[in-house]
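Just the heavy atoms: all of them, side chains too, but no hydrogens, waters or symmetry mates, feed the values below.
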Amino acid sequence: MGRCHLPGGRIRKRVLTVRAGFDLCVIGGGAGGLAVAVGAARMGARVALVEAGRLGGECLWTGCVPSKALLAAAARAHTARSSEAFGIRTRGVEVDFPAVVAHVRRAITAVEPRDSEERMRGLGIAVIRARARFAGPEVVDADGIRIRARHFVIATGSRPVRPAVPGLDRVPHLTSDEVFGLDRLPGHLLVLGGGPVGVELAQAFARLCSRVDLVQRRRILPRLRADLVQPVREALVREGVELHEEVRVLAVEPGPRLLLARNGQRYAV
C-alpha cells in the first residue's frame with residue numbers, strides 16, 4: 001500500500017492509497033474551492049484539494065475574468081461612439097476582434113498564477129488532479145487515491161446545459177463557456193437566455209458591432225425588481241439589441257433561425 005508524502009507536495013496518481021490525516025479536503029478547484037483551501041491553509045490546516053480540470057474553474061476561464069475583460073473592451077468602443085455630447089467626435093470606430101480576443105486572453109494570463117497549482121503547493125496544499133467520489137464518511141476516492149480528512153467541502157460548481165430545443169443539435173451553436181473561444185466577431189448573435197450572463201453577452205457583442213437578438217421566456221433578469229430591470233432594458237434597446245421577452249421557443253431551423261411564439265403568434269429571428 002502506498003503512502004502520500006507531505007501535504008505540501010503533489011500526490012501522484014501512481015499512489016494507490018493515501019492514509020494522510022488531512023484536516024480539510026476540498027473537492028473542486030474553482031473560485032469557491034480555492035478560496036476555502038487557501039483560507040484554511042493560511043490558518044494552519046492540512047488541506048487537500050481535488051480537481052480534475054484546470055484550477056481556477058469557471059471564474060478564471062469562462063466567467064468573471066474573460067467576461068469582464070470583454071465588457072471592458074466593449075465599453076471602450078461604446079464610449080468612443082457616444083462622446084459627441086462632450087464635444088468629442090469620431091469618424092467611426094473600428095473593432096479589431098482578434099485584438100479584443102488577445103486582450104481577454106491577457107487578462108486570463110494575468111490572473112492565472114494566483115489560481116495555479118504552483119501557488120497552491122507553495123501554500124502547503126496537496127493538489128490531486130483527479131475526479132472524486134465518496135468512499136465513506138471520512139474518505140474520498142480520487143481515481144484510486146484514498147484521501148482521509150476530518151472535514152470536506154464540495155465546491156464542484158456547475159456547467160452550462162443545452163436546452164431541449166428541437167433542431168438545436170442540427171445547427172452550430174455555443175454555450176456561454178464556449179463563446180470565449182470565438183476568434184471572429186459574429187455578424188449575428190442570437191442569445192438564448194436573459195439572465196445576467198445572457199444580458200452581459202448581448203450588450204458586449206452589440207457594442208462590438210454584432211447584430212444581437214436576446215430571447216427570454218419571461219422578462220430579462222427575472223430575479224431583479226422590475227423597476228431595476230427597466231433601465232437595463234432601455235439601455236440594451238438603445239444600443240441595438242433586439243429584445244424578445246415573454247416568448248416561447250418552438251424550434252431551431254437551418255440558417256440558422258429561431259422559431260418563437262408570443263401570445264399565440266409565431267415568428268422567426
Side-chain angles (χ1 to χ4, degrees), residues 30-32 35 56-115 157-158 160 173-216 218-245 269:
E58 180 261 352
C59 185
L60 174 61
W61 299 104
T62 59
C64 314
V65 175
S67 69
K68 300 312 175 284
L70 184 71
L71 285 169
R76 297 296 194 280
H78 176 69
T79 298
R81 290 192 200 96
S82 56
S83 298
E84 189 169 336
F86 297 93
I88 301 170
R89 296 181 178 84
T90 58
R91 295 186 178 182
V93 176
E94 179 182 351
V95 174
D96 181 348
F97 192 70
V100 172
V101 171
H103 154 71
V104 171
R105 290 174 182 165
R106 284 194 302 272
I108 294 172
T109 300
V111 176
E112 184 181 1
R114 291 187 55 81
D115 293 349
S158 62
H173 61 278
L174 303 167
T175 67
S176 56
D177 282 1
E178 296 163 346
V179 71
F180 295 104
L182 287 171
D183 55 10
R184 291 192 303 173
L185 184 70
H188 181 196
L189 184 67
L190 197 153
V191 180
L192 184 56
V197 174
V199 168
E200 279 190 349
L201 290 174
Q203 184 181 55
F205 278 93
R207 287 179 165 186
L208 293 172
C209 293
S210 288
R211 175 188 159 204
V212 178
D213 285 87
L214 177 58
V215 177
Q216 170 66 6
R218 295 186 289 275
R219 64 170 174 83
I220 62 169
L221 303 174
R223 295 188 179 184
L224 293 184
R225 292 194 335 238
D227 60 319
L228 298 178
V229 174
Q230 187 56 28
V232 178
R233 180 183 290 111
E234 292 171 357
L236 291 172
V237 172
R238 187 167 57 248
E239 294 174 20
V241 176
E242 290 288 336
L243 287 181
H244 307 269
E245 299 179 90
V269 295

ask   = Given side chains that start at C-beta, do those of Phe205 and Leu185 come closer than 4.5 Å, heavy atoms only?
value = yes
inquiry  = So which atom in Val100 and which in Ala73 form the shortest heavy-atom distance, rounded to 0.1 Å?
reply    = CG1-CB, 4.0 Å
note = Shortest non-hydrogen pair, Phe97 vs Leu208, comes out as CE1-CD1, 4.2 Å
note = The reported gap from CG in Leu182 to CG in Leu189 (rounded to nearest 0.5 angstrom) is 8.0 Å
key: CZ (Arg81) with more than 12 external heavy atoms under 6.0 Å   = yes
query = Does anything in residues 225-241 pair up under side-chain hydrogen bond (donor to acceptor under 3.5 Å, both in side chains), and if so which pairs, sequence neighbours excluded?
reply = Gln203-Glu239, Arg207-Glu239, Arg225-Asp227, Gln230-Arg233, Gln230-Glu234, Arg233-Glu245
ask   = Does atom CZ of Arg219 have more than 12 heavy-atom neighbours from other groups under 6.0 Å away?
value = yes
remark   = Between Cys209 and Val95 the two heavy atoms that sit nearest each other are SG-CG2, 4.4 Å
Heavy-atom closest pair, residues Val232 and Leu228 = CG2-O, 3.8 Å
inquiry  = If I take atom CG from residue Asp213 and atom CG from residue Leu192, how far apart are they, to the nearest 0.5 angstrom?
reply    = 11.5 Å
Side-chain ion pair, Glu242 and Arg211, N-O less than 4.0 Å = no
task = To the nearest 0.5 angstrom, please state how far the CH2 atom of Trp61 sits from the CG atom of Asp177.
result = 13.0 Å
Contacts of Glu58 that satisfy salt bridge (charged side-chain N to carboxylate O under 4.0 Å, His left out) - sequence neighbours left out = none
task = Please tell me if the side chains of Thr62 and Ser176 come closer than 4.5 Å, counting only heavy atoms from C-beta onward.
result = no
query = Are any of the side-chain heavy atoms of Ile108 and Pro66 separated by less than 4.5 Å?
reply = yes
note = In this structure, NZ of Lys68 is separated from SG of Cys59 (nearest 0.5 Å) by 8.0 Å
task = Flag the pair Glu84 / Ile88 as yes when at least one side-chain heavy-atom distance between them is below 4.5 Å, and no otherwise.
result = no
task = With the side chain counted from C-beta on, respond yes when Leu214 and His244 share a heavy-atom pair under 4.5 Å apart, and no when they do not.
result = no
request  = Determine whether Ile220 and Leu236 make a side-chain contact, defined as any pair of heavy atoms from C-beta on separated by less than 4.5 Å.
outcome  = yes
ask   = Can any side-chain N or O of Glu178 pair as donor or acceptor with the backbone N or O of Thr175 at less than 3.5 Å?
value = yes
query = Going from CD on Gln216 to CZ on Arg218, what distance comes out if it is rounded to the nearest 0.5 angstrom?
reply = 6.5 Å
Taking every non-hydrogen atom, the tightest pair across Gly195 and Leu221 = C-CD2, 3.7 Å
message = What's the separation between atom CG in Leu70 and atom CG in Leu201, rounded to the nearest 0.5 Å?
response = 7.0 Å
request  = Examine distances only and state if a side-chain atom of Ser210 and a backbone atom of His188 form a donor-acceptor pair shorter than 3.5 Å.
outcome  = no
inquiry  = So which atom in Val93 and which in Ala80 form the shortest heavy-atom distance, rounded to 0.1 Å?
reply    = CG2-CB, 3.7 Å
